[in-house]
Amino acid sequence: NKMSCFTFTKLTASLFHLLVFLSGLSLLAVGIWVTVDRDPFLHLLAPFSNQFLQLINIGLFCISIGATLVLLGLLGSCGVRKESKCLQLTFFSIILVIFISEVAAGVVALAYSSFAENILRAWATPVLQNDYGIDPMVTRIWNTTMTDLKCCGFSNYTDFMGSEFEDQNENGLPPSCCLNNIDPCSPAEAAHLPVQGCFDHILKILREKTITVGGIAAGVGLLEIAAMIISMYLFSHLDGKVS
């Protein structure tokens, strides 16, 4: 029966629109979490982010996509109830644009992650060499990061060798570079039982956030594909019905 099939498809479409609405709320929540819940070291990445990642702000991207999906969920539900071809086509078009944007963002993120370590290392080492101990903001944030994560420098204590901080402190290193937070911490003591660099800790935190965002984005992407298929089915059926 064509009518019962159409009714079933309408119910299925309504369910998918509800899921699109809920997925939008999820992305919105994740975007707010990533934006608000900032670890101290993320503030250190701000200059780096401004130079290299002006177009890639995961938090704001998730917030904008999430808000759009919430509105689309409402738009799609309205289109199904009113059996409107115009609303169905609008829903499909916007979902398609969002899906393409998400795929493009994912490709850029994967490409960036392959060389992120080298870029971060090239950025962090000069900051520790030239700004740590000189710039109060950089010094405070790095001290907080090293204390909280129990790490030293970006790679290890050698990041501070020959730095402005070492010169000012008569070859002394930050207390975090010594296992027992000795102050002053000498290079010999730091080399005896070396404290791990902060990069591995930073990478772990970034990966945890990336896995969470990526997993939700992948689920939303599959949902969007299904929603587009059902939307086009309804559009074609309505077209035939009008004819």
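Just so it is clear, the model here is predicted, and its values are computed rather than measured. We number each residue from 1, following the sequence as shown.
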Specify the closest pair of heavy atoms between Trp142 and Gly153, including all atoms of both residues, with the distance to one decimal. CZ3-O, 3.8 Å

Please find the pair of heavy atoms, one from Asp167 and one from Gly162, that lie closest to each other, and give the distance. OD2-O, 4.4 Å

Which residues, ordered by chain and number, are linked to Leu22 in its hydrophobic cluster, where ILVMFWY side chains connect at heavy-atom gaps below 4.5 Å, directly or through other members? Leu18, Phe21, Leu25, Val70, Leu74

Check whether Met137 and Ile134 end up in the same hydrophobic cluster, where Ile, Leu, Val, Met, Phe, Trp and Tyr are linked by side-chain heavy atoms less than 4.5 Å apart. no

What is the distance from atom CZ of Phe235 to atom CG of Leu89, rounded to the nearest 0.5 Å? 5.0 Å

Indicate, with yes or no, if Leu179 and Leu173 share a hydrophobic cluster defined by side-chain heavy-atom contacts under 4.5 Å among Ile, Leu, Val, Met, Phe, Trp and Tyr. no

For Val195 and Ser176 the tightest heavy-atom approach is CG2-O, 3.7 Å

Do other residues, nucleotides or ligands put more than 12 heavy atoms under 6.0 Å from Gln168 CD? yes

Which residues pass the side chain to side chain contact (heavy atoms under 4.5 Å, CB included) test with Asn171, not counting sequence neighbours? Glu166

Once ring pair (Phe, Tyr, Trp, His ring centres under 6.0 Å) is applied, do any residues pair with Phe165, and if so which ones, sequence neighbours excluded? Tyr132

Linking I/L/V/M/F/W/Y whenever any side-chain heavy atoms sit under 4.5 Å apart, do Val97 and Leu71 land together? no

Cluster check Ile100, Ile94: I/L/V/M/F/W/Y, side chain < 4.5 angstrom: yes

Please identify each residue that fulfils side chain to side chain donor-acceptor pair (under 3.5 Å) with Gln129, with sequence neighbours left out. none

When rounded to the nearest 0.5 angstrom, what distance separates CD1 in Ile230 from CZ in Phe92? 12.5 Å

Heavy-atom pair of closest approach, residues Phe99 and Gly221: CE1-O, 3.8 Å

Apply side-chain contact (heavy atoms from CB on, under 4.5 Å) to the pair Ile98 and Leu72, showing each step before the final yes or no. CA-CA 11 Å; Ile98 291 177; Leu72 279 177; 3.5 Å; yes

All side chain to side chain donor-acceptor pair (under 3.5 Å) counterparts of Asp200, not counting sequence neighbours: Gln196

Output, in order, the C-alpha distance, side-chain angles, deciding distance and verdict of side-chain contact (heavy atoms from CB on, under 4.5 Å) for Ser231 and Ile95. CA-CA 10 Å; Ser231 179; Ile95 285 284; over 6 Å; no

If you measure from CZ on Phe160 to CG on Leu128, what distance do you get to the nearest 0.5 Å? 4.5 Å

With sequence neighbours excluded, residues passing side chain to side chain contact (heavy atoms under 4.5 Å, CB included) with Ser186: Ala188, Glu189

For Leu28 against Ile63, the heavy-atom pair lying closest together: CD1-O, 3.3 Å

CE on Met232 to CD1 on Ile229, rounded to 0.5 Å: 11.0 Å

Cysteines Cys177 and Cys152 with SG distance under 2.5 Å: yes

Following the transitive rule for hydrophobic clusters with a side-chain heavy-atom cut-off under 4.5 Å over Ile, Leu, Val, Met, Phe, Trp and Tyr, establish whether Leu223 and Ile225 coincide in one cluster. yes

Shortest non-hydrogen contact between His201 and Cys151, atoms and distance: CD2-CB, 3.8 Å

Between Cys185 and Cys178, is the SG-SG gap under 2.5 Å? yes

In this structure, which one of Leu69, Leu96, Leu19, Val20 forms a side chain to side chain contact (heavy atoms under 4.5 Å, CB included) with Glu224? Leu69

